[in-house]
Protein chains: 2
Amino acid sequence: MAKRVSISDIAESLGVSKALVSLVVNDKADAHGISAETQRRVREKIRELNYQPDLFARSFRVGKTNTIGLIVSDISNRFYARIARDIEDHAWSNGYSVIICSTDENVEKEMKQIKLLRDRKIDGLIISSSQDNSDFFNKLEEAGFPHVLIDRRFDDMQSANVSVDNYGGARMAAEHLLKQGFSSFAVVALSPDHISTIRERIKGFTDTLGKANVQIPPRWLISLPFDRIDEVLENRFQSLYHRGQLPGAIFTLNNNLTSSCLKYLTKLSVKIPEEVAVIGFDDIMYFEHTRPTVSAISQPTDRISEEAFTLLLKQIKKEKTDKRQHSVVLPVDIIIRESSIKH
Amino acid sequence: MAKRVSISDIAESLGVSKALVSLVVNDKADAHGISAETQRRVREKIRELNYQPDLFARSFRVGKTNTIGLIVSDISNRFYARIARDIEDHAWSNGYSVIICSTDENVEKEMKQIKLLRDRKIDGLIISSSQDNSDFFNKLEEAGFPHVLIDRRFDDMQSANVSVDNYGGARMAAEHLLKQGFSSFAVVALSPDHISTIRERIKGFTDTLGKANVQIPPRWLISLPFDRIDEVLENRFQSLYHRGQLPGAIFTLNNNLTSSCLKYLTKLSVKIPEEVAVIGFDDIMYFEHTRPTVSAISQPTDRISEEAFTLLLKQIKKEKTDKRQHSVVLPVDIIIRESSIKH
DNA sequence: AAATGATGTTAAATCGATTTAGGTAGTCTA
DNA sequence: TAGACTACCTAAATCGATTTAACATCATTT
């Protein structure tokens with residue numbers, strides 16, 4: 001394995017200083033009055049020896065790695081997979097690489113990952129956090145570390161953040177179901193109940209039902225632990241089914257939960273939407289093709305990624321930003337398909 | 001933003017050398033006969049000043065970054081998303097981070113990404129390559145750079161690699177369709193036709209049909225450009241449909257293609273499987289819930305990830321490996337659902 | 001002829017660690 | 001008491017770049 005050519009090799013073989021070579025490489029030669037002829041010779045030698053600057057060494061020196069971190073609960077979830085892809089694209093076209101971490105909704109793991117990423121000297125972080133308050137990120141903000149929270153938010157939050165109108169989306173879902181004439185409702189949620197998206201979606205839904213004087217009884221507020229969604233949901237559905245206590249309509253709080261509901265209702269031969277209607281938060285392509293096709297609140301993943309990356313880049317480049325543009329809330333759409341149409 | 005505590009700060013405040021502190025930090029103190037008392041003082045000071053070694057500087061010095069690269073055509077494709085997640089898990093539990101890149105089947109982009117990742121001094125690379133020959137990777141192998149090819153393979157390949165039995169899977173699909181009594185067949189493939197998975201799947205399918213004296217006419221060999229799958233497929237289906245030339249059964253070569261077929265056949269109100277049957281390579285969870293449910297050849301993504309990471313780690317750790325264990329081919333399963341059952 | 005200015009270049013510090021070949025002081029042996 | 005040995009510790013090189021202050025030359029001005 002031939003040793004790599006370093007800046008010293010160029011300098012020595014040309015009888016000039018490393019400084020000069022560095023200046024040429026970084027296009028600062030003119031500004032430092034290096035003669036055109038010398039620059040030519042350096043460039044020629046660089047080509048001749050196939051010198052490629054060691055980005056790692058440079059990063060070490062200048063303290064910038066051109067790498068950002070992306071932390072989400074699970075990169076294989078379609079919602080986050082799409083966001084990851086979009087962010088990767090934006091990163092790539094701006095010369096950044098992205099390190100991806102999945103937390104499994106585990107706060108401790110998330111903390112370790114953030115620590116590791118900072119040790120690795122990433123330039124910035126985009127994160128959908130599982131934490132239950134903003135303390136940590138407020139500290140990060142104070143420390144001036146570039147970061148953008150996506151998807152989930154906190155109440156007294158200083159950090160830049162991009163989220164969607166969860167409350168509004170849930171309200172649309174509720175209004176739609178009410179208009180269809182359903183009268184009993186269940187919510188299938190995720191169990192760390194401090195997560196803002198979950199809270200807001202539940203609130204949007206129940207508030208709207210409340211206005212129509214509809215309450216959701218506790219047995220229909222189903223909250224599933226992240227790592228045992230399937231198992232627990234199947235049990236709950238079974239027991240509700242056998243007691244004849246299935247609701248008229250179910251609002252599921254993310255695409256995984258929607259899929260699981262589909263799966264276990266189907267397994268019980270419960271007809272959707274005739275016996276139980278379903279509408280979910282977060283739309284994915286497959287809901288167009290399932291049996292029945294599934295109604296969902298669709299989130300603009302591409303815009304989330306774009307806004308988040310833009311906000312992050314501004315912080316990294318230390319551009320002055322208006323704190324009011326710091327917090328972006330994007331609109332959602334309701335996509336009505338068969339699963340929520342009253343028979 | 002308070003400056004970080006460095007090893008010199010510890011050394012100075014204690015009146016010892018940086019070397020000593022480093023030895024203590026790296027648990028090499030005993031081996032170097034540093035007295036227990038001194039070690040205690042160092043550790044105490046480290047705690048007191050909350051010193052955290054700069055991993056980046058360390059990486060620079062020792063030439064290991066504890067970072068690996070993962071390059072695939074599209075991280076938002078469910079197949080790769082799952083693999084990414086699994087690899088990330090293995091990496092995390094072994095102290096590695098992973099940088100993810102999507103190539104969009106663009107060889108030039110792939111080359112640039114590899115170059116960038118190597119510049120960033122990743123310790124190893126797992127890649128599903130879009131290249132059309134093994135030259136580049138053979139060079140990489142010669143250079144001793146740790147890497148594992150996944151999913152796609154090359155003929156005269158030196159590099160470690162993990163793939164599945166594409167030929168066998170395609171044969172199963174063909175045999176199944178023949179047994180169902182279908183007599184005319186189309187293949188929906190991806191257009192860079194040098195990709196091994198595509199080639200092997202086509203060959204496995206056509207070979208098997210050939211043995212039953214069935215040929216596929218050119219109009220039913222549909223090859224779609226990666227970036228315009230939907231657009232082109234819709235056109236092809238429309239023209240076939242209007243000329244009454246739809247085949248009895250379609251074999252689609254990956255989960256995206258399967259989804260697209262579903263979409264555009266449905267759009268034309270073509271009944272699956274009554275008018276056209278469908279079976280796809282690569283199973284995803286949703287195929288259990290689509291209308292109709294979709295038959296597919298299922299790949300063991302978890303084992304692909306596991307084998308790939310294991311092989312990579314061995315190379316990174318420079319463990320002697322038997323070249324015969326260098327090339328892993330995993331078995332696939334056929335999952336028969338409604339879409340391929342003859343009416 | 002001295003001062004000033006312009007032009008082109010470099011020495012050396014620096015980033016924060018790791019590593020290796022020694023050095024010192026005290027004790028023990030012959 | 002010289003030499004060897006032990007126990008502890010350190011100086012300095014190194015990884016590969018960037019950056020800044022300063023230094024030669026030589027030409028021009030006063």
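Counting to the nearest Å, the C1' atom of D:dC9 and the CG atom of B:L14 are 13 Å from each other. Rounded to whole Å, the distance from CZ on B:F60 to P on C:dT19 is 14 Å. In this structure, the CD1 atom of B:I10 is 9 Å from the P atom of C:dA17, given to the nearest Å. In this structure, A:D9 atom CG and D:dT14 atom P are separated by 14 Å, rounded to whole Å. To the nearest angstrom, C1' of D:dT6 lies 14 Å from CD1 of B:I34. B:L23 places its CG atom 9 Å from the P atom of C:dT19, with the value rounded to the nearest Å. The NZ atom of A:K18 sits 10 Å away from the C1' atom of C:dA13 (whole-angstrom rounding). We find that CG of A:L20 is positioned 12 Å from P of C:dG8, with the value rounded to whole Å.
At distances below 3.5 Å, not a single donor-acceptor pair connects side-chain atoms of A:R43 with backbone N or O atoms of A:T38. Judged purely by atom type and a 3.5 angstrom limit, A:N94 has no side-chain atom pairing as donor or acceptor with the backbone of A:A91. With hydrogens and angles disregarded, a donor-acceptor distance shorter than 3.5 Å links the side chain of B:H194 to the backbone of B:S130.
Of the candidate nucleotides D:dT18, C:dT19, D:dT20, D:dT20 has the atom nearest to the side chain of A:H32. When distances run from any side-chain atom of A:A19 to the nucleotides C:dT10, C:dA17, C:dT20, the shortest one goes to C:dT10. You'll find that the side chain of A:A57 is closest to D:dG16, out of C:dA17, D:dG16, C:dT10. Among the nucleotides D:dA17, C:dA17, D:dT19, the one closest to the side chain of B:D54 is C:dA17.
Dashed line: the shortest gap from a side-chain N or O of A:S22 to OP1 or OP2 of D:dA17 is not under 4.0 Å. OP1 or OP2 of D:dT10 lies within a sub-4.0 Å distance of a side-chain N or O belonging to B:S17. Dashed line: the shortest gap from a side-chain N or O of B:R61 to OP1 or OP2 of D:dT14 is not under 4.0 Å. For the pair B:S35 and D:dC9, the criterion of a side-chain N or O lying under 4.0 Å from OP1 or OP2 is met. For the pair B:T38 and D:dC9, the criterion of a side-chain N or O lying under 4.0 Å from OP1 or OP2 is met.
B:S128 and B:Y80 form a side-chain donor-acceptor contact under 3.5 Å, judged by distance and modelled atom types alone. Side-chain polar atoms of B:Q158 and B:S134 form no donor-acceptor pair below 3.5 angstrom.
Residue A:K28 is classed as a sugar-phosphate contact, given heavy-atom separations below 4.0 Å to backbone atoms only. Note on A:V25: nothing from the nucleic acid sits closer than 4.0 angstrom, heavy atoms only.
Between B:R41 and B:V62, the residue anchored nearer the 5' end of DNA chain D, judged by the nucleotide with its closest heavy atom, is B:R41.
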